[in-house]
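Everything below concerns the one structure shown next.
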Amino acid sequence: MDLKISFLFTAFVLTASPFSAQVKNGFAFVPGGEYAVGKIGHLLNPYRKVTVDSFFIAKTEVTNRQFEEFVQATGYKTDAERMHNAMIFVPGLKEFEWKQDSSANWKFPNGISRGGIETKMDHPVTTISYTDAVAYCQWAGARLPTLDEWEIACRAGTSTDYFWGDNREQIKKYANIWYGRNHLTADSSDGYMYTSPVGSFDPNPWGLYDVYGNVFELCDGELYGNKKNKSIAHARGGSWWCSKNACNFFNSYDIGRINIHASFSNLGFRIAKNY
Amino acid sequence: MKPLLLFSAVLLSATISAQDDTTWKEPSKESQAYHKFRQHLSYPPYSYDKINEIVRKQVVTDSDDNLVMKDKAYNELFPREKFTYIMIHGETYSQNCDAMPPIQDEQTKIFGHLPDVFNEFNWSERQAKFLADNRDSVMVWIRECVSKNYHIGVNFKLAIQQINATEMIPFIIKTYKMKQKDNDLLTLLMLLMKDNSYPPFLSSASYKKLYGDNSNYQDFILATKANRELIIKRATDFYNGLKN
């Protein structure tokens, strides 16, 4: 049963000025109601029904250009800029290994020696932390989506592992992920080793781009049945680093966890707003 | 737009009703207990109270953050104390994805990979370098610590893999046989065979399932008697081949 776009109303006009770039990219409107989330047998995200209020969610991840507007307006310093402890990736590292680089931050996502974002202003901002994402949201008059809201918008009315069904092979059409067998050698087989410009791949049925791959998207909220742990945040959807062999999280149900100050070059976010 | 919304809501409701029989099954108490058991660390006794105090007061300044021990303080530690520090504290962050989330009937499975040691944290480059630079000592310290309770914590297991301590294979097997409970010791044996490209293992069905082209980090084989015995036999053969 395909509900597709019957739920979807795109809001092209939002009044708050910080949303200038978001207006261009647009938001999807998700009406409040009861939705099914989770996966049968998944211990961290079990299948269940949840009720949410109506909300807007950005169609794209927050870009470097948008984050730069925020920094220029506020003088904000990210966790990585203050603590010089960002984690970066370079080909040659073992699975799940990342390298600390004191020169890396959102302006130089994988360290100064690997270049800045000058030609990547329409890529998602990365090498920021949950704390930084919340600061951006406060400035923008927005918020992070909750774990449930993210999944509802990602699923777009589906109950399968992916918004097109259960066949993982179709991911190529929709997401920037890692196709190499491991991370010892570079993989750009989908056109990108690191991030891709937002919206480079096809959207989901509700018009959201890059819900799988590109960057892990930070969300608010706790795992089902868990108490709030103020030092842990959760992010979803997989990233350019994720492969089918390692961190197979480019799907509608898996939920990761990360320290709220950790800055990785595969970590970003999209924003949401109350209706 | 209202009729369209209403129609959609009805459709969604029907979809949800059709799946109402999918109730969540809580893992058995045995499975939950085994999941916790897999996360247990081994705590080296070398100046443990002193190091733990430093970590508590100087390194982890509040529950929000995870800091690195200052170079001066770190360099003043004796090697055994550094070992203790490294075994109880990861200085850098782990990435977002949870490589080994809990699953049903965990105690009946032998996984291809070890669980995370410090959840959202990991060893830094200087910590990994210390382990590699002091490989022989690390093996001695692990043996000393384990001899007291016959438990090789997940931090020790990862250290053994990191320093590629194939010399410890008989010790790992002996420790496993004491209780025959910790399937992650069998995982460790397989990782050592994999990391050293042991041909009989590379050509096995277990290897294909756990580390082959279509494998995933969360994959496992069942902890049957036959599988357990086969892993031990292969690891023993591998070790004996190294000696010759």
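Naming convention: chains lettered A, B, ... in sequence-line order (proteins, then strands); numbering from 1 in each chain. The structure presented is a predicted model; accordingly, all values stated were derived computationally and were not measured.
- Judged by distance alone, with hydrogens and angles left aside, the side-chain atoms of A:Asn245 form a donor-acceptor pair with the main-chain N or O of B:Asp213 at under 3.5 Å.
- The number of heavy atoms from other shown groups lying within 6.0 Å of NZ (A:Lys228) is above 12.
- Residue B:Gln162 holds its CD atom at 6.5 Å from NZ of A:Lys94, rounded to the nearest 0.5 Å.
- Enclosure of atom CD in A:Glu95 by more than 12 non-hydrogen atoms of other residues, nucleotides or ligands within 6.0 angstrom is indicated.
- Here the closest non-hydrogen pair linking A:Asn248 and B:Asn216 is CB-ND2, 3.1 Å.
- Between A:Ala262 and B:Tyr93 the shortest heavy-atom distance is CB-CG, 3.4 Å.
- The side-chain heavy atoms of B:Gln95 and A:Phe89, taken from C-beta on, include no pair separated by under 4.5 Å.
- Within a 6.0 Å sphere centred on OH of A:Tyr275, heavy atoms belonging to other residues, nucleotides or ligands number 12 at most.
- Counting heavy-atom pairs under 4.5 Å between each of A:Ile232, A:Leu267, A:Thr131, A:Leu218 and chain B puts A:Ile232 at the top.
- Of all heavy-atom pairs between A:Phe96 and B:Asn122, the closest is O-ND2, 4.4 Å.
- Sparse packing is recorded around CG of A:Asp53, with 12 or fewer heavy atoms of other residues, nucleotides or ligands lying under 6.0 Å away.
- Between B:Thr92 and A:Trp98 there is no side-chain heavy-atom pair separated by less than 4.5 Å.
- A pairwise comparison of heavy atoms in A:Arg181 and B:Ser215 identifies NH2-OG, 3.5 Å as the closest pair.
- Within 6.0 Å of atom NZ in B:Lys129, 12 or fewer heavy atoms from other residues, nucleotides or ligands are found, so the atom counts as exposed in its surroundings.
- Separating the CG atom in A:Leu44 from the CD1 atom in B:Ile103 is a distance of 11.0 Å, to the nearest 0.5 Å.
- Side-chain atoms of A:Leu43 and B:His35, non-hydrogen and from C-beta on, never get closer than 4.5 Å to each other.
- Under the side-chain contact (heavy atoms from CB on, under 4.5 Å) criterion, B:Gln161 pairs with B:Leu114, B:Leu158, B:Leu188, B:Leu191, B:Asp195, not counting sequence neighbours.
- Residue A:Lys99 places its NZ atom among 12 or fewer non-hydrogen atoms of other residues, nucleotides or ligands, all under 6.0 Å distant.
- Here the CD atom belonging to B:Glu120 is positioned 12.5 Å from the NE2 atom belonging to A:His261, to the nearest 0.5 angstrom.
- Rounding to the nearest 0.5 angstrom, the gap separating the CD atom in A:Gln100 from the CD atom in B:Glu91 is 8.5 Å.
- Neither the backbone nor the side chain of A:Asp254 comes within less than 4.5 Å of any heavy atom in chain B.
- Between atom CG of residue A:Asn259 and atom CZ of residue B:Phe121 there is a gap of 4.0 Å, rounded to the nearest 0.5 Å.
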